[in-house]
Amino acid sequence: MEQKKDGEDRLPRCSLCSRPSVIRLRDPDRHLCADHFCEDLAGRVKKTVYLSAMIAEGDRIAVAFSGGKDSTALLLVLNDLLPSWRDVTLVAITVDEGIAGYRDETVQCAENIAKEWGIEHHVVSFSSLFRRDLDRILEGREELACSICGILRRKALSSAAEGAGATKIATGHNLDDEAQSVLMNALRGDLARFVRDSSSPFGQCFIPRIKPLREISEKEIAVYLMVRGYFPELPECPYTRYALRAGVRAHLSALEFRHPGTMQNLIAGKQRLATTLAPVLSGSPITTCRECGEPCSGTTCQACDLLKKILP
Ligand code: SF4
Ligand code: ZN
């Protein structure tokens, strides 16, 4: 008979079997063991994908794969769920922005994982696409790091996904990221962005973007990777200190800890507001950039405007 370790009797047990629980989830309140938690999480991702019609038969999904926690969990879950969708294929895409002391290690980690799971993997770098890496682009304008990086990374990802023949781009945004974005847009007073769904609306985008993990919390992702045997402990981007997101993340996590459900309430509130305000704030119609053909609201897109300014 299996010997129980000291104190094991006192550990909470899975609500579905008698094994030790690895996580407690809300709505409904339940404890889950490693196997039941993985099953539960994959089931919820599948439901999110289904309810928002994120994946269709024949899709080729480009997974934005930095090698960090969220994108590793995303690739793992989608790869496991692949047999649920007919003729759907995955390709992992890693963007190497060129950030010294940070990106090399995460690119290597992404390469190892994609190889281990036998997933086609492409790496695209800022230096090959924009002739300079991020560190050089940011010289003298470091405080704008995340805005510049975000715009160019989006462009790099679209272009690599297009090159790989993808029909959708999946990103690893989780529940915490979504809640942080709501609060950041509110703090910046950016009402148009506040009400806009941060996934591109289908039909208006070059390659539609999907966020299959948008209802899964950061904590769940960490536990999921741990029980699946992956511990991506990677260095932090040196530009994080300039990011508004870092402060918002710390405050929201503290609020969520003291008042569970805060993040979900914030997202739900924003969605209710968006339904009312979106028609009033619809802004300029979506057109296509005359330089690159990506959707935009003027004559050129943000990335082409930025590139003209920083790379004369
Ligand atoms: Fe880019 Fe900012 Fe993220 Fe660093 S923290 S990778 S600069 S978005
Ligand atoms: Zn169980």
Side-chain angles (χ1 to χ4, degrees), residues 2 8 11-25 28-44 64-72 93-110 123-127 129-130 132-158 160 171-174 176-178 180-181 184-185 188 198 209 218 220 223-224 226-228 232 234-250 302-303 306-307 310:
E2 200 183 321
E8 204 171 88
L11 288 174
R13 297 273 153 183
C14 175
S15 310
L16 300 173
C17 69
S18 58
R19 282 174 290 176
S21 153
V22 293
I23 195 164
R24 180 180 182 180
L25 298 177
D29 189 14
R30 61 214 191 272
H31 281 283
L32 294 174
C33 66
D35 288 349
H36 281 120
F37 170 55
C38 292
E39 222 172 80
D40 185 283
L41 184 141
R44 280 180 290 138
F65 183 45
S66 67
K69 286 194 177 76
D70 298 331
S71 63
T72 301
I93 293 183
T94 302
V95 178
D96 179 358
E97 301 92 344
I99 303 174
Y102 165 63
R103 203 32 111 197
D104 288 351
E105 206 175 316
T106 59
V107 171
Q108 189 55 55
C109 182
V123 180
V124 60
S125 70
F126 275 18
S127 55
L129 278 175
F130 311 126
R132 279 174 219 194
D133 58 27
L134 187 68
D135 286 339
R136 264 198 73 202
I137 292 173
L138 291 180
E139 277 165 11
R141 41 170 93 93
E142 287 80 0
E143 69 292 349
L144 299 175
C146 296
S147 337
I148 293 179
C149 175
I151 293 170
L152 296 182
R153 198 170 37 184
R154 201 176 161 88
K155 186 163 184 75
L157 190 56
S158 295
T171 60
H173 293 93
N174 59 39
D176 298 47
D177 298 322
E178 294 294 283
Q180 288 155 19
S181 298
M184 281 162 67
N185 289 330
R188 288 187 181 122
S198 43
R209 291 180 181 238
E218 197 174 287
E220 287 183 76
V223 174
Y224 178 74
M226 212 153 59
V227 300
R228 296 290 306 259
L234 296 165
E236 193 172 67
C237 172
Y239 299 111
T240 308
R241 64 180 185 274
Y242 299 108
L244 171 62
R245 189 175 285 275
V248 167
R249 179 176 186 252
Q302 266 188 316
L306 178 68
L307 287 170
I310 58 177

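Remember, it's 1-based here, ligands and their atoms both numbered in the order they're listed.
Using a 3.5 Å distance cut-off with no hydrogens or angles, the side chains of T106 and S66 do not pair a donor with an acceptor. Checked by atom type, the side-chain pair R30/S21 shows no donor-acceptor distance below 3.5 Å. Using modelled atom types and a 3.5 Å distance limit, the side chains of D40 and Y224 yield no donor-acceptor pair.
Residue contact check: C237 has heavy atoms under 4.0 Å from atoms 4 (Fe), 5 (S), 6 (S), 7 (S) of ligand 1. For ligand 1 and Y239, the ligand atoms under 4.0 Å from any heavy atom of the residue are 7 (S).
For the Zn ion (ligand 2), protein N, O or S atoms closer than 2.8 Å were enumerated as C14 SG, C17 SG, C33 SG, H36 ND1, with waters left out.
Counting only heavy atoms of the protein, atom 2 (Fe) of ligand 1 lies nearest to C146 SG, 2.4 Å. Nearest protein heavy-atom neighbour of atom 1 (Fe) of ligand 1: C149 SG, 2.4 Å.
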Using atom types as modelled, flag every donor-acceptor pair under 3.5 Å from a side chain in residues 138-149 to any protein atom, sequence neighbours excluded.
unit_1	atom_1	unit_2	atom_2	d
R141	NH1	I137	O	2.6
E142	OE1	G140	N	3.3
E142	OE2	G140	N	3.3

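The pair R103-D133 does not meet the salt-bridge criterion, since no charged nitrogen lies less than 4.0 angstrom from a carboxylate oxygen.
You'll find the side chain of K155 stays beyond 4.5 Å of the side chain of I151, heavy atoms only.
The two residues D176 and E218 have their closest heavy-atom pair at OD1-N, 2.9 Å.
To the nearest 0.5 Å, atoms OH (Y102) and CD (E236) are separated by 8.5 Å.
Distances from ligand 1 to the non-hydrogen atoms of R153 include at least one value under 4.0 Å.
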